[in-house]
Novice: 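Here it is, the structure in full.
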Amino acid sequence: RSKWHTDIPTFRKVQYDDVWPGIDMLWYGSQTALEYDFVINPGSEVSQVRVAFEGAEKIRLDDEGNLIVSSNGEEVKHCAPVIYQETSAVAGKYVIKGTNEIGFEVGPYDRSKPLVIDPILVYSPYIRGDSRDVGLSVALDNSGRAYIAGKSSSSEITFPIENALQGTQIDDLGLGFVTKLNPAGNDVLYSTFLGDSNGFCTGNFCGTQINGIAVTSDGRAVVTGAMTNEDNDSKFPVTPNAYQKNGLCISWCGLEPNRMIDTFVTMFSADGSELVYSTFYGGWTNYRYSERGFDIANAIAVDSGNRVYITGLTASNTLPTKHAFQLSRKSEGEGKDAFVAVFNPLAANGNDTLLYASYLGGDGDDVGRGIAVDADRNAYVVGSTASTDLQTKSPSSSPPLRATYQGGGFDGFVAKIDTEADGNASLTYSTYFGGNINDRVESVAVDQFQRAYITGASNSSPSSFPL
């Protein structure tokens with residue numbers, strides 16, 4: 001705790017003073033839009049505010065008073081301004097001053113008080129069709145293009161399919177989807193379904209679902225999640241260098257190894273037109289009517305070498321491992337362990353694409369929920385655990401932050417794994433994280449000094465939680 005950093009300042013707004021004499025500008029974000037305000041202080045004139053749009057081909061006002069800026073065939077909307085003083089509204093609107101320039105016109109107001117002009121730069125497109133569509137993960141590339149992934153049950157007629165690798169919906173149980181937007185958020189660069197559905201659910205899981213998306217430095221989207229493969233007959237697309245395919249069933253799969261629900265790792269080309277890599281990843285079971293054989297990835301990360309890191313949960317005793325610090329599942333019956341796996345999607349031989357894989361768990365249910373990677377290929381895995389015997393470890397002579405289970409239904413956990421090491425040496429540290437009731441860690445980020453930043457949820461008491 002002596003090495004913790006506390007009272008780190010964070011900022012919700014950026015203020016520029018005197019952009020024009022006596023007029024300040026504020027920038028801040030809401031949940032769906034980037035907002036900026038002009039604050040006209042007493043003694044200043046609204047007529048001073050002039051905004052030019054460099055590179056705009058056309059600017060216009062629509063019937064609702066919104067400002068529409070056109071460039072390269074795309075449009076960005078600035079909503080009609082909200083103008084006010086304290087709690088009183090003031091009438092006003094945009095005024096076009098020139099080819100690429102606007103100002104504001106306002107009604108009477110109290111010039112002894114500040115006046116706020118609040119336009120909104122809109123970036124909140126809908127990605128939806130005629131049925132249930134759920135976005136589960138988002139990533140950005142170096143140029144500000146957004147990649148959204150999740151699950152859709154909509155038809156290809158109504159869902160925004162564009163330049164699709166897989167353009168057809170299979171049934172109403174749903175497929176994964178990946179949609180890439182331009183930086184302005186007003187154009188779909190590509191949008192595709194991904195996966196297979198056999199028309200039946202395995203337990204409560206149906207079809208294909210993408211739970212995590214990341215983007216490589218050269219703009220290739222990589223996704224992970226899970227798909228049904230109950231009879232080892234899933235037609236989920238794979239590449240020739242896949243580590244695993246769908247498995248094999250000669251007769252009834254209740255008597256033969258059955259893969260049930262499998263994880264997958266899929267990398268797209270930068271334009272989304274082809275698969276660079278795609279593989280199944282899962283174990284099998286002989287217990288058809290149970291949750292054994294369930295393997296579901298929840299999160300994904302990529303490093304500078306385009307290696308792919310995933311974490312999630314597994315109820316399989318036969319999940320492939322490699323260089324693992326934990327070789328087998330420790331939870332009993334249909335219990336789940338967390339797992340971590342690393343892939344090199346550019347390796348030519350399928351067996352070489354799996355670089356590292358390990359179980360991570362104890363005698364209760366354990367779920368990997370978030371993952372990050374540093375420049376030295378250390379993976380940072382976080383999640384929740386109901387295990388009382390989770391392996392904990394410190395990289396030094398001092399004990400882990402929380403060496404034992406703290407109580408309640410589940411604790412959070414944080415683990416650092418050296419994916420270039422082998423066996424027990426690959427687990428650098430592992431700790432419980434929580435208090436006396438329920439805690440879980442949902443996400444993790446890591447800085448250049450290998451410090452992990454975690455977030456999640458807790459209803460433990462302040463006295464028991466590590467504050």
Novice: Keeping the roles fixed (side chain from Gln244, backbone from Gly282), state whether a donor-acceptor pair exists under 3.5 Å.
Specialist: yes
Novice: Pick one: which of Leu401, Thr404, Leu390, Asp411 meets side chain to side chain contact (heavy atoms under 4.5 Å, CB included) with Thr431?
Specialist: Leu401
Novice: Find out whether Asn378 and Thr419 are in side-chain contact, i.e. whether some heavy atom of one side chain is under 4.5 Å from a heavy atom of the other.
Specialist: no
Novice: Under 3.5 Å, side chain of Thr158 to main-chain N/O of Asp130, donor-acceptor pair present?
Specialist: yes
Novice: Output the distance between atom CG (Asp231) and atom CE (Met260), rounded to the nearest 0.5 Å.
Specialist: 9.0 Å
Novice: For Ala146 and Leu140, which heavy atoms make the closest approach, and how far apart are they?
Specialist: CA-CD2, 3.7 Å
Novice: Indicate whether any N or O donor in one side chain lies under 3.5 Å from an N or O acceptor in the other, for Ser464 and Asn436.
Specialist: yes
Novice: Are more than 12 heavy atoms from other residues, nucleotides or ligands located less than 6.0 Å from atom OH of Tyr453?
Specialist: yes
Novice: When you check the gap from the basic side-chain N to the acidic O, do Arg292 and Glu334 get nearer than 4.0 Å?
Specialist: no
Novice: Would you call Trp27 and Tyr36 a side-chain contact if the rule is heavy atoms closer than 4.5 Å?
Specialist: yes
Novice: With no hydrogens and no angle check, do the side chains of Asp303 and Tyr309 hold a donor and an acceptor under 3.5 Å apart?
Specialist: yes
Novice: Is the count of non-hydrogen atoms from other residues, nucleotides or ligands lying under 6.0 Å from Lys393 atom NZ greater than 12?
Specialist: yes
Novice: Distance under 6.0 Å and angle within 45° of the ring axis: does Lys13 meet both against Tyr28?
Specialist: yes
Novice: Is it the case that Arg259 and Asn232 place a side-chain donor and acceptor less than 3.5 Å from each other?
Specialist: no
Novice: Output yes when a side-chain donor or acceptor of Asp418 lies under 3.5 Å from a complementary backbone atom of Thr428, and no otherwise.
Specialist: no
Novice: Testing the 3.5 Å rule here: is there a donor-acceptor pair between the side chains of Thr314 and Asp295?
Specialist: yes
Novice: Would you check if the side chain of Thr285 reaches a backbone N or O of Asn258 as a donor-acceptor pair within less than 3.5 Å?
Specialist: no
Novice: Heavy atoms, side chains only, cut-off 4.5 Å: are Leu355 and Arg377 in contact?
Specialist: yes
Novice: Which distance, rounded to the nearest 0.5 Å, do you find between the NZ of Lys180 and the CG of Asp187?
Specialist: 11.5 Å
Novice: Could you tell me if Gln169 and Asp171 have a donor-acceptor pair between their side chains, going purely by distance under 3.5 Å?
Specialist: no
Novice: Go through it in stages, so that I can follow the logic: the residues are Arg145 and Leu189, the test is side-chain contact (heavy atoms from CB on, under 4.5 Å), and I'd like the CA-CA distance, side-chain angles, deciding distance and then a yes or no.
Specialist: CA-CA 9 Å; Arg145 292 175 289 240; Leu189 302 180; 3.6 Å; yes
Novice: Calculate, to the nearest 0.5 Å, the distance between atoms CD1 and CZ belonging to Ile210 and Phe193 respectively.
Specialist: 11.0 Å
Novice: Do Asp389 side-chain atoms and Asp363 backbone N/O form a donor-acceptor pair below 3.5 Å?
Specialist: yes
Novice: Would you mind telling me which of Phe159, Tyr147, Tyr190 makes a ring pair (Phe, Tyr, Trp, His ring centres under 6.0 Å) with Phe177?
Specialist: Phe159
Novice: May I ask you to check whether Ser387 and Asp366 show a side-chain donor-acceptor distance below 3.5 Å?
Specialist: yes
Novice: Report yes or no: do Asp374 and Gln448 form a side-chain donor-acceptor pair below 3.5 Å?
Specialist: no
Novice: Flag the pair Val373 / Tyr380 as yes when at least one side-chain heavy-atom distance between them is below 4.5 Å, and no otherwise.
Specialist: no
Novice: Ring pair (Phe, Tyr, Trp, His ring centres under 6.0 Å) between Phe325 and Tyr359: does it pass, once the steps are laid out?
Specialist: CA-CA 8 Å; Phe325 64 86; Tyr359 288 90; 9.8 Å; no
Novice: Taking CZ in Arg132 as the centre, count heavy atoms belonging to other residues, nucleotides or ligands within less than 6.0 Å. Is the count above 12?
Specialist: no
Novice: Is there a ring pair (Phe, Tyr, Trp, His ring centres under 6.0 Å) between Phe264 and Phe236? Walk through the geometry before answering.
Specialist: CA-CA 9 Å; Phe264 60 86; Phe236 188 92; 4.6 Å; yes
Novice: Would you say the side chains of Ser278 and Thr266 form a donor-acceptor pair under 3.5 Å?
Specialist: yes
Novice: Check this for me, if you would: do Asp218 and Arg220 make a salt bridge, where the nitrogen-to-carboxylate-oxygen distance has to be below 4.0 angstrom?
Specialist: yes
Novice: For the CG atom of Asn198 and the CG atom of Leu173, what is their distance to the nearest 0.5 Å?
Specialist: 8.0 Å
Novice: Calculate, to the nearest 0.5 Å, the distance between atoms CG and OG1 belonging to Leu175 and Thr208 respectively.
Specialist: 5.5 Å
Novice: Are a donor atom and an acceptor atom from the side chains of Glu162 and Ser191 found within less than 3.5 Å of each other?
Specialist: no
Novice: Determine whether a donor-acceptor pair (N or O, by modelled atom type, separation under 3.5 Å) exists between the side chain of Thr279 and the backbone of Tyr243.
Specialist: yes
Novice: Under a 4.5 Å cut-off applied to non-hydrogen side-chain atoms, are Ile300 and Val223 in contact?
Specialist: no
Novice: For Ser154 and Ser131, test the side chains for any donor-to-acceptor distance below 3.5 angstrom and give the result as yes or no.
Specialist: no
Novice: Have Asp133 and Ser152 got a donor and an acceptor in their side chains that come within less than 3.5 Å?
Specialist: yes
Novice: Is the distance from the ring center of Phe433 to that of Phe465 below 6.0 Å?
Specialist: yes
Novice: Does any non-hydrogen side-chain atom of Ile68 lie less than 4.5 Å from one of Ile59?
Specialist: no
Novice: Return yes if a side-chain donor-acceptor contact under 3.5 Å exists between Ser398 and Ser396, otherwise no.
Specialist: yes
Novice: Any side-chain to backbone donor/acceptor pair from Ser153 onto Asp172? Under 3.5 Å, distance only.
Specialist: yes
Novice: Has Gln326 got a side-chain atom pairing as donor or acceptor with Ser328's backbone, closer than 3.5 angstrom?
Specialist: yes
Novice: Which residues pass the ring pair (Phe, Tyr, Trp, His ring centres under 6.0 Å) test with Phe53, not counting sequence neighbours?
Specialist: His78
Novice: Tell me whether Gln166 contacts the main-chain N or O of Gly195 through its side chain, where contact means a donor paired with an acceptor under 3.5 Å.
Specialist: yes
Novice: Using atom types as modelled and distance alone, determine if a side-chain donor or acceptor of Asn344 lies under 3.5 Å from a backbone N or O of Arg307.
Specialist: no
Novice: Would you please indicate if the ring centroids of Phe343 and Tyr281 are separated by under 6.0 Å?
Specialist: yes
Novice: So His323 and Glu420, side-chain contact (heavy atoms from CB on, under 4.5 Å) or not? Walk me through it.
Specialist: CA-CA 9 Å; His323 305 302; Glu420 291 192 288; over 6 Å; no
Novice: Tell me, please, whether Phe339 has Lys330 positioned over its six-membered ring: NZ or CZ under 6.0 Å from the ring centre and within 45 degrees of its axis?
Specialist: no
Novice: Side-chain contact test, heavy atoms from C-beta onward, threshold under 4.5 Å: evaluate it for Leu181 versus Val188 and give yes or no.
Specialist: yes
